[in-house]
J.: 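Handing you this structure, nothing more for now.
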Amino acid sequence: MKVLVTGGAGFIGSNFVRHLLLTRSDVEVINFDKLTYAGNPESLSDVAANPRYSFVRGDITDLRAVTDVFQKGLDAVINFAAETHVDRSIEDASPFLMTNIFGTHCLLNAARTFRLKHFIHISTDEVYGSAPAGASFTEETHLDPRSPYAASKASADHFVSACANTFGISAVILRCTNNYGPFQFPEKLIPLTIANAREDKELPIYGDGMQERDWLFVEDYCRAIALTLERAKPGAIYNVSAGLPQANLKIVRTILAYLGKPDSLIKYVKDRPGHDRRYALDSSKIRRELGWKPQVLFEEGIRRTIDWYIQNTAWLGHARSGEYLKYYERHYVRRAETFRG
Ligand code: NAD
Ligand code: TYD
């Protein structure tokens, strides 16, 4: 089976590429990624030499590049590629519209032309908006995106469903809660807190810090995506979550305690405009229909995540400084030139 993973140099994508290569010996993976600030090919240096893995630097909004990669003969596409940071979408939503909506449209176009068998679209819990205390959203809940990021993801979901309906594209949508784990770019809450706390820098907490997120360890999500590829029926939508929403402040204090750093590093700052108070999903459908359940407790996952960042300071430095592009140059561009020559 030949699988195209878009955005495979990002956080969840890179974890998923590794998971698939290690667990499915019949699968060949093509990683198609633009390498924005968030995409780091170094995250897959351990599998780069695997004969079943290849990397193509490309943009999902570039129809020609998308067509070229589809011509390799694909059985499945898993679309992770996206602009993903809410704060950036508040600064400027344009790249979010381009990649998250137009990019998805380009992939759907190619899926239609090439009669693709499996299109898995990686969406987010944020399309449902903020969940009232005690409630959790099901797949039937109407979409109510409240940030420009969430609006671009909800729009893409509508295009996926509409193209499945209109053109018969065989598509599945996954909506997952916040992930955490190794290889996440240090602009998101957990890696930012670990990286800053290690250097005794201030930890910005938006508003009162009592907003809740339903954190899922990235390996658990990778297992859910792999099961979706194997077992999901076309047209299905699945929520994926651990089912344990926790306040931001609690997460930050847990990290500080593990690192032996003082709570005085916490700095309350102005709240994010339109900040969603609470995300919570009911994931009983994927548990029932595909037999998925999370296996990593938060206490274990957060320890593994912190330990990983402590042991991978070079990765962190390269991600922050833009040095990761030099890795791409050394390992892919020059090698390709050598092969051509
Ligand atoms: P990320 O920001 O870490 O990585 C995104 C990747 O997409 C990067 O490698 C980037 O280079 C690539 N990319 C961006 N624009 C591209 C383009 N035009 N063409 C090709 N590649 C492009 O993202 P992530 O956190 O791994 O999220 C992956 C997916 O999961 C996204 O669709 C996101 O909306 C969704 N999601 C993430 C979370 C989370 O907690 N991280 C939760 C729910 C859903
Ligand atoms: P983030 O990791 O950006 O994910 P998302 O906004 O997609 O949920 O943020 C997680 C939560 O942490 C969110 O409620 C915003 C908050 N947050 C802070 O309080 N301080 C920070 O520096 C960051 C990055 C996030």
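Order of listing sets the numbers, starting from 1, for every ligand and every atom in it. Quantities reported herein were computed from a predicted structural model and do not represent experimental measurements. Hydrogens, waters and symmetry mates play no part in the numbers below; they use all other heavy atoms, side chains included.
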J.: Would you check if Pro41 and Leu35 make a side-chain contact, meaning some heavy-atom pair closer than 4.5 Å?
T.: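 When only atoms from C-beta onward are counted, Leu35 and Pro41 do touch, with a gap below 4.5 Å.
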
J.: Taking Lys233 first and then Glu289, would you say they form a salt bridge - that is, a charged N and a carboxylate O separated by under 4.0 Å?
T.: no

J.: Counting neighbours of CZ on Phe159 that are heavy atoms of other residues, nucleotides or ligands and sit closer than 6.0 Å, is the number greater than 12?
T.: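 It does not: Phe159 CZ has 12 such atoms or fewer within range.
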
J.: I'd like a table of the close N/O pairs between ligand 1 and the protein (anything under 3.5 Å), one pair per line with both atom names and the distance.
T.:
unit_1, atom_1, unit_2, atom_2, d
ligand 1, 2 (O), Thr84, OG1, 2.7
ligand 1, 3 (O), Phe11, N, 3.0
ligand 1, 9 (O), Gly10, N, 2.9
ligand 1, 9 (O), Asp33, OD1, 3.3
ligand 1, 9 (O), Asp33, OD2, 2.6
ligand 1, 11 (O), Asp33, OD1, 2.6
ligand 1, 11 (O), Leu35, N, 3.4
ligand 1, 11 (O), Thr36, N, 3.0
ligand 1, 11 (O), Thr36, OG1, 3.1
ligand 1, 18 (N), Asp59, OD1, 2.8
ligand 1, 18 (N), Thr99, OG1, 3.0
ligand 1, 19 (N), Ile60, N, 3.0
ligand 1, 21 (N), Lys34, N, 3.1
ligand 1, 26 (O), Phe11, N, 3.3
ligand 1, 26 (O), Ile12, N, 2.7
ligand 1, 32 (O), Phe80, O, 3.0
ligand 1, 32 (O), Ile122, O, 3.4
ligand 1, 32 (O), Lys153, NZ, 2.7
ligand 1, 34 (O), Tyr149, OH, 2.6
ligand 1, 34 (O), Lys153, NZ, 3.0
ligand 1, 40 (O), Asn179, N, 2.8

J.: Quick check: are there more than 12 heavy atoms from other residues, nucleotides or ligands sitting under 6.0 Å from CD of Gln71?
T.: yes

J.: Does atom CD of Glu91 have more than 12 heavy-atom neighbours from other groups under 6.0 Å away?
T.: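 Count not over threshold, so no.
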
J.: So, using side chain to side chain contact (heavy atoms under 4.5 Å, CB included) as the criterion, who are the partners of His275 when residues are at least two apart?
T.: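 His275 satisfies side chain to side chain contact (heavy atoms under 4.5 Å, CB included) with Tyr206, Gln211, Arg213, Asp271, Arg272 once adjacent residues are dropped.
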
J.: What residues, two or more places apart in sequence or in another chain, satisfy side chain to side chain donor-acceptor pair (under 3.5 Å) together with Asp75?
T.: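 Counting only residues at least two positions away or on another chain, Asp75 forms a side chain to side chain donor-acceptor pair (under 3.5 Å) with Lys117.
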
J.: Does a side-chain N-to-carboxylate-O contact under 4.0 Å join Lys326 and Glu323?
T.: yes

J.: Using 30° and 60° as the class boundaries, would you call the ring planes of Tyr309 and Trp315 parallel, tilted or perpendicular?
T.: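 Ring orientation, 0 to 90° scale: perpendicular.
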
J.: For ligand 2, what N or O to protein N or O distances fall under 3.5 Å?
T.:
unit_1, atom_1, unit_2, atom_2, d
ligand 2, 2 (O), Leu189, N, 2.9
ligand 2, 3 (O), Arg272, NH2, 3.2
ligand 2, 4 (O), Asn178, ND2, 3.4
ligand 2, 6 (O), Arg272, NH1, 2.6
ligand 2, 6 (O), Arg272, NH2, 3.3
ligand 2, 7 (O), Glu126, OE2, 2.6
ligand 2, 8 (O), Asn178, ND2, 3.0
ligand 2, 8 (O), Arg213, NE, 2.8
ligand 2, 12 (O), Asn248, ND2, 3.3
ligand 2, 14 (O), Arg213, NH2, 3.1
ligand 2, 14 (O), Asn248, ND2, 2.9
ligand 2, 14 (O), His275, NE2, 2.7
ligand 2, 19 (O), Tyr206, N, 2.9
ligand 2, 20 (N), Pro204, O, 2.8
ligand 2, 22 (O), Pro204, O, 3.4

